[in-house]
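What follows is a single structure, written as structure tokens, with notes after it.
Here the structure is a predicted model, which means the values were calculated and not measured. Just so we're on the same page: letters track the sequence lines, and every chain starts at 1.
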Amino acid sequence: MDSGKIDQIINKHNADAGSLIQILLEIQNENNWLPKEALTRVSETLAVPMSRIRHITTFYKTFSLVPRGRHEVHVCTGTACHVRGAERVLEAVEGVTGVNAGETDPDLNFSVETVGCIGCCALGPVVVVDGEYHGNILPAEITKVLQDKK
Amino acid sequence: MSEILLQIDGKEVAAEEGTTILVAAQSVGVSIPTLCLHEKLEPYGGCRVCSVEVESRGRSSVVAACLYPVEKDLVVTTRTEKLDRIRKSLLEMMLAHAPDSEPLLELAEEYGADKDRFEKEASFCIHCGLCVRYCTEVKKANALGFINRGAKKEISFIPEIASKECWDCKECFELCPTSALQAAFVLIEALTAPPQPTTKSCHSCG
Ligand code: SF4
Ligand code: FES
Ligand code: FES
């Protein structure tokens, strides 16, 4: 990510330490992950210690410190989805993408994450692919959805 | 300065506004156990063994004495069956992480905590934050911080800073209530093999 863009985001928030999370979020959205150089730049210009930035960026799941895939797959393994077969859906997702939960493939095509309840339990099991919700999904169906994104 | 009158374990106490319950209690010789408090550091409220019961305007609740400021006519009780139960459980959970910690074992004795109640998961850290806060607040070196959260939360050194600052300091080591060597271990780990931040997630709760 080029440093001009990072500075632009920082300046938009007047390099205010109080806007740290907002700034990190915008860099994350822009770049899909948070490279170390970006964090160093933020740390220096906002005068926020790196230890604090690492605490925050490892605390919230939105942030990624490693490159993420072009397609983000979130498999809900919350209680409701769990009892409705989320395990098998997750297996199917891992099978078709070749990516285990919490990981990204080397070609940066898929990132797979499990999430704990996304608030639409009645639709369970739920998988969110690039922001699109797939409810009541069967392993075979999600396999098809992801096959098309390969 | 306005003095505030309150009651701690039946004793009338006068304390200045802004004083914590813990300090007010100490002033009349009532001691409350603590684990994450240090005279040089801001109160943190991390360990909760200092929990006390307070009653004000007919409502009672459990608060952390190291943080809670005195209030007019507050009635504080520092030792009740309920508090003993809370402290006991907290100690039992912490002992699963640091089974040989002296301060924990001492308190366990007092509160009848069973150090083997929970399956051992010796991480040697009870997240008291003493080392982290000392590095930040007193040394202002910011070499050390917490990473991750929940069950995965742990201390972590920033290798670039640690390699410059830590060898001549190491003052955080002896603050640790669990074993003086935990910070040492993580420091060596950081300097020899900088751990890559991971994005692995918890399988059951995300
Ligand atoms: S390593 Fe020790 S001092 Fe540091 S947070 Fe953990 S228990 Fe506290
Ligand atoms: S458990 Fe999956 S949406 Fe609530
Ligand atoms: S001493 Fe009050 S929470 Fe630890």
Side-chain angles (χ1 to χ4, degrees), chain A residues 28 32-37 39-40 43-44 46-69 72-83 86-87 90-91 94 99-104 111-119 126-128, chain B residues 41-42 44 46 123 125 127-166 169 171-172 175 183 186-187 189-191 193-206:
Chain A
Q28 168 80 43
N32 225 4
W33 68 290
L34 299 170
K36 193 162 170 208
E37 304 75 60
L39 297 183
T40 311
S43 169
E44 281 162 4
L46 270 60
V48 175
M50 191 54 122
S51 54
R52 192 157 179 76
I53 293 185
R54 287 221 308 185
H55 191 175
I56 292 168
T57 50
T58 55
F59 185 93
Y60 294 108
K61 256 191 130 174
T62 332
F63 297 122
S64 177
L65 298 176
V66 290
R68 269 204 215 177
E72 300 247 15
V73 187
H74 295 267
V75 181
C76 181
T77 51
T79 314
C81 291
H82 176 80
V83 297
E87 272 326 297
L90 178 60
E91 266 169 37
E94 291 179 335
V99 178
N100 288 335
E103 292 174 2
T104 299
S111 287
V112 176
E113 296 282 350
T114 56
V115 289
C117 191
I118 43 182
V126 184
V127 179
V128 187
Chain B
L41 305 174
E42 290 293 316
Y44 181 60
S123 63
C125 180
H127 298 162
C128 73
L130 284 172
C131 56
V132 170
R133 289 179 292 138
Y134 188 82
C135 191
T136 312
E137 292 175 30
V138 177
K139 299 301 286 193
K140 303 203 165 31
N142 298 305
L144 177 62
F146 281 116
I147 55 165
N148 299 326
R149 65 170 165 185
K152 292 238 161 72
K153 184 172 170 181
E154 58 184 1
I155 59 166
S156 161
F157 285 85
I158 310 278
E160 291 85 351
I161 304 179
S163 60
K164 280 195 239 106
E165 306 278 347
C166 295
C169 171
E171 284 162 33
C172 63
L175 296 177
V186 180
L187 172 60
E189 212 181 33
L191 292 180
Q196 285 296 312
T198 59
T199 51
K200 286 226 183 69
S201 58
C202 167
H203 273 272
S204 50
C205 65

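- Atom CD1 of B/I161 is separated from atom OG of A/S51 by 6.5 Å, given to the nearest 0.5 angstrom.
- Rounding to the nearest 0.5 Å places CE of A/M50 at 7.0 Å from CD of B/E160.
- Looking only at atom types and distance, the side chain of B/S156 has a donor-acceptor partner in the side chain of A/R54 under 3.5 Å away.
- Atom CD1 of A/I53 is separated from atom CD1 of B/I147 by 14.5 Å, given to the nearest 0.5 angstrom.
- Between A/K61 atom NZ and B/R149 atom CZ the span is 7.0 Å, to the nearest 0.5 Å.
- Between A/P49 and B/N142, the shortest heavy-atom distance links the atoms CB-CG, 3.4 Å.
- For NE2 of A/H82, the number of neighbouring non-hydrogen atoms (other residues, nucleotides, ligands) closer than 6.0 Å is 12 at most.
- Counting all heavy atoms, side chain and backbone alike, B/N148 lies closest to A/T58 at N-OG1, 2.7 Å.
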